[in-house]
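Convention: sequence-line order gives letters A, B, ...; per-chain numbering from 1. Since the structure is predicted, the reported quantities are computational estimates derived from the model, not experimental observations.
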Amino acid sequence: MVDIKKIRQNPEDFARRLKGRASRSVIDRIVVLDKSRRENLRIVEDLRARQKKISDSQSARKIKEERRRKEEELKRVSKELNGILSEIPNVPDDDVPEGFEDKNEIIEVSGRVPEEKGPPHWEIGKMLGIVDFETASKMTTSFWPLLKGDGARLEMALINFFIEENAKSGFDQICVPYAVNEKAVFGTGQLPKFADDLYRLENDNLYLIPTGEVPAGNLFRDKIFAEDELPLDFQIFSPCFRREAGSWGKLGKGLVRNHQFHKVEIFSFAKPEESDEKLKNFVSVVCGILEKLGFIYRVVLLSSGEMGFSAARTYDIEVWAKGMNRWLEVSSCSNCRDFQARRTNTRIKRKSGEIVFAHTLNGSSVAVGRVFAALLENNFGENGEVPVPDCLKKFMGKDRIEPFVATSLAN
RNA sequence: GGAGGCGUGGCCGAGCGGUUGAUGGCACCGGUCUUGAAAACCGGAAUCCGUUUGCGCGGAUCAGGGGUUCGAAUCCUCUCGCCUCCGCCA
């Protein structure tokens with residue numbers, strides 16, 4: 001949630017700093033509603049004050065009646081205001097480029113992109129029998145993954161490797177609910193604007209989490225931290241569920257964009273003055289993991305139009321995938337500043353007594369399915385084998401990925 | 001799924017129709033004492049909104065919504081959450 005005072009104070013400046021993320025007319029509407037809300041509030045409060053001072057039942061009743069009428073008006077205005085306000089995305093940092101994909105800035109490239117190409121991972125996965133979308137679609141619909149044999153082992157190995165690496169960097173592990181209520185999804189900013197992307201459990205009015213960020217961000221709803229209790233760094237392994245409505249054309253092949261994928265998320269609650277440094281740390285943690293996997297990666301500062309709703313600044317980290325012959329986003333690290341904390345009411349009490357909203361940061365460390373895909377493509381050798389990177393051997397318990405043959409069929 | 005109980009400030013815990021935003025304890029902050037710390041003693045301090053240059057002033061908040069009343073943390077009602085017992089179950 002954006003700070004209404006910033007809009008009230010200087011609507012022009014605010015609209016400019018949003019860098020095209022909301023229309024000017026919406027901002028103007030907020031200004032009007034805000035003014036109306038304050039006027040009505042003043043009237044209602046004045047009536048309440050008068051009512052409180054009167055003990056004579058006749059006139060008190062009269063004032064009460066009038067007060068209730070005004071309260072209705074106040075409620076109506078407040079509701080519209082909050083509705084609009086909750087759909088305004090976060091204000092990008094000043095140095096975030098304005099625009100869309102072509103305005104993204106490549107900050108760092110870790111190595112030279114190889115000349116040679118190879119087969120895409122869906123072909124490798126099918127060949128080895130470890131990725132099986134055909135069978136998956138018999139029990140569900142398209143774009144849900146089914147991994148078998150060493151495919152399943154590799155998935156788990158990656159997860160365990162990521163968790164171990166994040167733990168070394170100081171992220172405490174927590175396990176979270178995979179279905180959450182409406183307030184929680186509002187808190188991190190996926191609602192109200194992006195309801196179509198979420199799976200909803202209608203009977204219970206719960207939502208399947210689209211990312212571990214959602215439960216993580218709601219860990220300290222309505223909490224006031226003492227200053228020295230922060231920062232807090234967590235890692236959350238979870239499946240992520242996304243309807244991907246409206247992106248059917250972009251779903252593509254293989255494991256790149258599915259309705260379900262695994263991710264280890266890193267999430268921090270920080271003091272405002274330390275969140276910039278924290279974001280840099282997130283990026284270096286992710287890059288460290290990708291280096292150990294032997295990937296070539298690049299870090300991209302997203303432009304205003306490419307960032308998520310809650311982010312003030314986002315770095316995407318992409319790895320080169322030899323088979324698809326393209327960069328593949330495997331992580332997105334964002335500083336949301338106080339945007340989510342306003343929605344979850346997560347605050348800090350300074351030593352001075354001042355109360356401020358906490359800053360929150362989130363990042364993928366890392367998206368499992370896409371790393372799985374890149375690993376198959378990048379490690380696929382001419383002999384048709386896929387060697388396991390050193391860092392994963394102890395989690396895989398073997399040094400190459402073998403074709404899947406169900407043991408019950410093998411003999 | 002059935003029966004019952006409970007939700008009060010950072011935490012614990014009183015209050016169950018009338019200056020109670022709320023007694024008390026712990027934790028916290030400042031001070032006295034001490035070489036320093038602890039203990040003891042004294043003092044301070046809830047949050048949000050509106051208004052004001054500021055002191056301040058007004059309003060709201062005892063899970064959340066609605067209601068009764070001149071007046072509600074206290075009564076009624078619905079919703080949500082937690083706990084206990086029974087049933088079912090990995």
Once base and sugar-phosphate atoms are separated, protein heavy atoms under 4.0 Å mark nucleotides 74-80 of chain B, 5' to 3', with B, S and - as -------
For atom P, what is the distance between B:C62 and B:G9, given to the nearest Å? 10 Å
Taking atom C1' in both B:G54 and B:C41, what distance in whole Å separates the two?
35 Å
Sorted by position of nearest nucleotide on RNA chain B, 5' first, the leading residue of A:Arg48 and A:Lys349 is A:Lys349
Query - B:U19 to B:G59 separation - P atoms, rounded to the nearest Å - result: 16 Å
The salt bridge (Lys or Arg N to Asp or Glu O under 4.0 Å) partners of A:Asp399 (sequence neighbours excluded) come to none
The side-chain contact (heavy atoms from CB on, under 4.5 Å) partners of A:Ser36 (sequence neighbours excluded) come to A:Asn40, A:Val77
Item checked: Nearest-Å distance once atom C1' is located in both B:U34 and B:A39 -> 11 Å
So, are A:Glu134 and A:Lys138 salt-bridged, with charged N and O less than 4.0 Å apart? no
Each nucleotide of nucleotides 48-53 of chain B classed B (base within 4.0 Å of a protein heavy atom), S (only sugar-phosphate) or -, in 5' to 3' order, makes SBSS--
Pairing partner of B:C28, by Watson-Crick or G-U wobble and under 3.5 Å for both distances, is B:G44
Atom C1', compared across B:A27 and B:A46: separation rounded to whole Å:
14 Å
note: A:Arg221, atom CZ; B:U47, atom P; distance rounded to Å ~ 20 Å
| request: Pick the P atom in B:G5 and in B:C78, then give their distance to the nearest Å. | output: 14 Å
Per the under-4.0 Å heavy-atom filter, residues of residues 64-77 of chain A near RNA chain B come out as A:Lys64, A:Arg68, A:Lys75
B:A72 and B:U32: how far apart are their C1' atoms, nearest whole angstrom? 44 Å
Under a 4.5 Å cut-off applied to non-hydrogen side-chain atoms, are A:Tyr178 and A:Val214 in contact? no
Looking only at B:G59, B:A46, B:C70, the nucleotide nearest the A:Gln51 side chain is B:C70
Here the distance between atom P of B:C28 and atom CD1 of A:Ile224, to the nearest Å, is 17 Å
Within residues 206-218 of chain A, the residues having a heavy atom closer than 4.0 Å to RNA chain B are none
**Prompt:** Does the distance from a Lys or Arg side-chain N to an Asp or Glu carboxylate O, for A:Lys278 and A:Asp233, drop under 4.0 Å?
**Reply:** yes
Would you say A:Lys52 places a side-chain N or O within less than 4.0 Å of OP1 or OP2 belonging to B:A60? yes
